[in-house]
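Everything numeric here is computed off the predicted structure, so don't read it as measured data. For the single chain, residues carry numbers from 1 onward in sequence order. Both counts, for ligands and for their atoms, begin at 1 and track the order of listing.
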Amino acid sequence: MEKNDSSQAYPMNGGDGDSSYTNNSSYQKSLSDVAMSLINEAIADMLDTQNFVRGHPFRIADLGCSVGPNTFTTVKNIINSVQHKYQTLKITPMPEFQVFFNDHATNDFNTLFKTLPADKEYFAAGVPGSFYSRLFPSSSVHVIHSSFALHWLSKVPEEVLERGSIAWNKGRVHYAGSDEEVVLAYKKQYVKDTEAFLKARAEEVVCGGLVVVLVPGRPNEVPHSECIGNVLFEVLGCCLLDMAKEGKIDEEKVDSLNIPIYYASPQELKEIVDRNGCFTIEKMKGLPRIVEPETKDHARRLAIGVRVGVEAVLKGHFEDESIDELFQSFSNRLEEQPSLYSSGGAAILFSVLRRNDK
Ligand code: SAH
């Protein structure tokens with residue numbers, strides 16, 4: 001088994017309070033709902049059950065599941081689709097279902113387990129650890145799902161932290177607007193991580209099984225600087241620098257903060273899948289962006305959404321009061337300048353990969 005010592009974990013806020021992931025993941029949910037019908041289609045048309053052993057449990061894993069409730073809805077939908085397929089194909093007996101909920105060990109698994117649906121039709125298990133390494137025995141899982149998780153890199157690329165390196169990312173917290181070397185360092189880390197992800201899944205997924213990935217990214221033709229996620233992090237970085245100029249936080253801490261997220265294009269992902277060679281790309285498409293009106297309420301929700309996502313990264317650098325102040329000024333800036341988030345490219349990339357028999 002491979003070790004994964006150097007990976008960094010920044011799970012979403014746990015519990016069920018105002019700034020919890022549970023109460024601030026409706027954006028992810030609305031997109032997962034769109035993806036739901038695509039998943040049904042993938043299971044109906046692309047899952048190849050021929051090699052699956054009859055009478056053995058059907059195993060599903062959700063990687064980067066966080067605390068729910070989205071993961072429960074997704075899993076239920078996948079099971080319904082599989083049951084429907086088995087009924088249509090008159091495959092008997094209907095298998096029992098086993099579901100693995102994976103996330104970093106520091107994820108709030110207690111909340112996840114406490115809120116498991118009472119009427120669930122599966123055996124549930126938690127699997128702690130990074131999905132950039134092996135999580136399951138060989139050829140043991142039939143459907144792997146992962147949503148809003150694979151844009152997280154396993155770690156901040158080392159070069160961007162090195163003073164004196166041409167890729168040192170001084171004064172910025174992400175790669176948009178940075179020198180080309182910084183962008184390249186992020187991209188290299190993304191490629192390395194995604195290769196490791198596919199290598200591990202190729203071992204674990206049975207032939208004919210599926211890997212379904214939903215991830216924020218950017219359309220092929222949109223440059224990093226215009227991708228909405230990058231724009232938001234650039235604004236966040238500016239707010240932090242303002243606080244540093246006012247003497248409220250240490251500028252060196254801004255220099256050393258880098259958010260380990262990369263927004264890949266479909267083309268970048270496709271190249272890595274092709275190189276891996278163990279999967280056939282059954283589907284790879286961008287989902288339409290959900291456009292919301294430019295209201296103060298939207299700006300505030302967007303700010304909270306970003307906070308829920310990256311708060312764990314910031315906590316290692318700044319005091320709680322500074323983080324509160326940062327997000328207040330971030331939210332104000334989005335309210336004042338809705339053009340920051342209303343235009344620009346964003347793509348939610350939906351992919352279905354089938355394990356081939358190579
Ligand atoms: N899938 C859920 C949650 C997305 S939040 C949904 O769609 O609503 C992203 C989750 O991915 C977080 O809980 C984070 O801890 C997890 N994550 C990020 N990198 C990971 C890794 N390398 N291994 C396992 N989980 C990871």
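You'll find the side chain of Phe197 stays beyond 4.5 Å of the side chain of Ile272, heavy atoms only. Counting heavy atoms from C-beta on, the side chains of Cys227 and Phe233 never come closer than 4.5 Å. Between Tyr263 and Ile228 there is no side-chain heavy-atom pair separated by less than 4.5 Å.
Using a 4.0 Å cut-off to heavy atoms of Ser66, the atoms of ligand 1 that qualify are 3 (C), 13 (O). Atoms of ligand 1 lying under 4.0 Å from at least one heavy atom of Gly129, given by number and element, are 23 (N), 24 (C). Heavy-atom proximity to Ser147, at under 4.0 Å, picks out these atoms of ligand 1: 1 (N), 2 (C), 4 (C), 6 (C), 7 (O). Near Tyr132, with a cut-off below 4.0 Å to any heavy atom, the atoms of ligand 1 are 22 (N). Within the listing of ligand 1, atoms 4 (C), 5 (S), 7 (O), 9 (C) sit less than 4.0 angstrom from a heavy atom of Phe148. Close approach of ligand 1 to Asn102 is summarised as follows: ligand atoms under 4.0 Å from at least one heavy atom of the residue are 24 (C). Those atoms of ligand 1 with a heavy atom of Asn70 less than 4.0 angstrom away are 6 (C), 8 (O).
Here Cys65 has backbone heavy atoms under 4.0 Å from ligand 1, and that is the only part of it that gets that close.
In this structure, Thr71 has no heavy atom closer than 4.0 Å to ligand 1.
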Please output the side-chain donor-acceptor pairs of residues 317-325 that fall under 3.5 Å, not counting sequence neighbours, one pair per line with the distance.
from, atom 1, to, atom 2, distance (Å)
Asp324, OD1, Arg307, NH1, 3.4
Asp324, OD1, Arg307, NH2, 2.7
Glu325, OE2, Lys248, NZ, 2.7

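For Asp255 (side chain) and Gly171 (main-chain N/O), a donor-acceptor pair under 3.5 Å exists by modelled atom type.
Using a 4.0 Å cut-off between charged side-chain N and carboxylate O, Arg201 and Glu204 make a salt bridge.
Evaluated by nearest non-hydrogen atom to atom 12 (C) of ligand 1, the leading choice among Asp103, Asp193, Thr74, Val215 is Asp103.
Judged by distance alone, the side chains of Asp193 and Gln189 do bring a donor and an acceptor atom under 3.5 Å apart. A side-chain donor-acceptor contact under 3.5 Å links Glu271 and Gln267.
Below 3.5 Å of separation, one finds an N or O of Gly64 facing an N or O of ligand 1.
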